[in-house]
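Remember, it's a predicted structure, so these values are computed and weren't measured experimentally.
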Amino acid sequence: MFIPTLDSKIVGEVIAEARKRKGISQEVISGLADIGRTHLSAIERGERKPTLETLYRISCALDIKMSDIIIEIEKRLDK
């Protein structure tokens, strides 16, 4: 039986790319999202998966909809 899992590398890539497109450092985003910079770094490297709350905070800090991040993650998972 196949049990789907969320690829943390893809999650991290999508978040990192969105942050870089905005031209904002990890330091600034982590401050705006009220999470540690090392935590954000670990998420972007795919070493940790963000909770929904953390993903929401990151998306607000990036000034983008959380659903846009999720849609991009789903597109990449479908490939």
Side-chain angles (χ1 to χ4, degrees):
M1 178 168 80
F2 173 73
I3 299 174
T5 59
L6 184 59
D7 186 333
S8 57
K9 288 270 189 210
I10 291 174
V11 174
E13 287 171 5
V14 170
I15 291 169
E17 288 169 14
R19 179 182 59 75
K20 289 172 186 172
R21 272 195 307 276
K22 295 276 187 171
I24 307 172
S25 70
Q26 286 182 339
E27 192 72 37
V28 170
I29 291 299
S30 62
L32 292 170
D34 195 30
I35 61 172
R37 194 205 56 78
T38 55
H39 186 187
L40 177 61
S41 179
I43 290 169
E44 288 189 359
R45 289 192 313 272
E47 295 172 1
R48 299 178 100 172
K49 291 180 188 174
T51 62
L52 281 175
E53 178 67 27
T54 299
L55 185 59
Y56 179 70
R57 289 179 182 189
I58 292 169
S59 67
C60 288
L62 290 167
D63 194 31
I64 58 178
K65 291 181 182 177
M66 185 169 71
S67 59
D68 290 341
I69 293 173
I70 292 170
I71 288 167
E72 183 58 31
I73 291 167
E74 288 179 326
K75 282 182 192 173
R76 295 182 190 199
L77 287 172
D78 288 342
K79 289 183 180 178

K.L.:
NZ/Lys49 to CD1/Ile10 distance, rounded to the nearest 0.5 angstrom?
P.N.:
11.0 Å
K.L.:
Is it true that Leu77 and Ile69 fall in one hydrophobic cluster, defined by side-chain heavy atoms closer than 4.5 Å?
P.N.:
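Cluster IDs for Leu77 and Ile69 match.
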K.L.:
Report the distance from atom CD of Gln26 to atom NZ of Lys20, rounding to the nearest 0.5 Å.
P.N.:
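Between atom CD of Gln26 and atom NZ of Lys20 there are 8.0 Å.
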K.L.:
Got a second to check how far Glu47's CD is from Ser8's OG, nearest 0.5 Å?
P.N.:
8.5 Å
K.L.:
Are the side chain of Lys9 and the backbone N or O of Arg45 linked by a donor-acceptor pair below 3.5 Å?
P.N.:
yes
K.L.:
Between Ile58 and Ile35, does the side-chain contact (heavy atoms from CB on, under 4.5 Å) criterion hold? Intermediate values first, please.
P.N.:
CA-CA 9 Å; Ile58 292 169; Ile35 61 172; 4.0 Å; yes
K.L.:
Looking at every heavy atom in both Glu72 and Arg76, which two are closest together, and how far apart are they?
P.N.:
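For Glu72 and Arg76, the tightest heavy-atom pair comes out as OE2-NE, 2.8 Å.
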K.L.:
Determine whether Ile15 and Val28 fall in the same hydrophobic cluster, where Ile, Leu, Val, Met, Phe, Trp and Tyr are linked whenever their side-chain heavy atoms lie under 4.5 Å apart.
P.N.:
yes
K.L.:
Do the non-hydrogen side-chain atoms of Ile70 and Leu55 ever get within less than 4.5 Å of each other?
P.N.:
yes
K.L.:
For the CG atom of Leu32 and the CG atom of Leu62, what is their distance to the nearest 0.5 Å?
P.N.:
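One finds 9.0 Å between CG of Leu32 and CG of Leu62.
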K.L.:
What's the separation between atom OG1 in Thr5 and atom CG in Asp7, rounded to the nearest 0.5 Å?
P.N.:
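Atom-to-atom, Thr5:OG1 and Asp7:CG are 7.0 Å apart.
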K.L.:
Using modelled atom types and a 3.5 Å cut-off, is there a donor and acceptor pairing between side-chain atoms of Arg19 and backbone atoms of Ile24?
P.N.:
yes
K.L.:
If you take all heavy atoms of Met66 and Leu52, which pair is closest and at what distance?
P.N.:
SD-O, 3.9 Å
K.L.:
What's the spacing between Ile29 CD1 and Leu40 CG if we round to 0.5 Å?
P.N.:
7.5 Å
K.L.:
Of all the heavy-atom pairs spanning Lys65 and Ser59, show the shortest one and how long it is.
P.N.:
C-CB, 4.2 Å
K.L.:
Looking only at non-hydrogen atoms, find the nearest pair between Lys22 and Asp63 and report the distance.
P.N.:
NZ-O, 3.8 Å
K.L.:
Answer yes or no: is there an ion pair linking Arg57 with Glu53, defined by an N-O contact shorter than 4.0 Å?
P.N.:
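A salt bridge is present here (some side-chain N lies under 4.0 Å from a carboxylate O).
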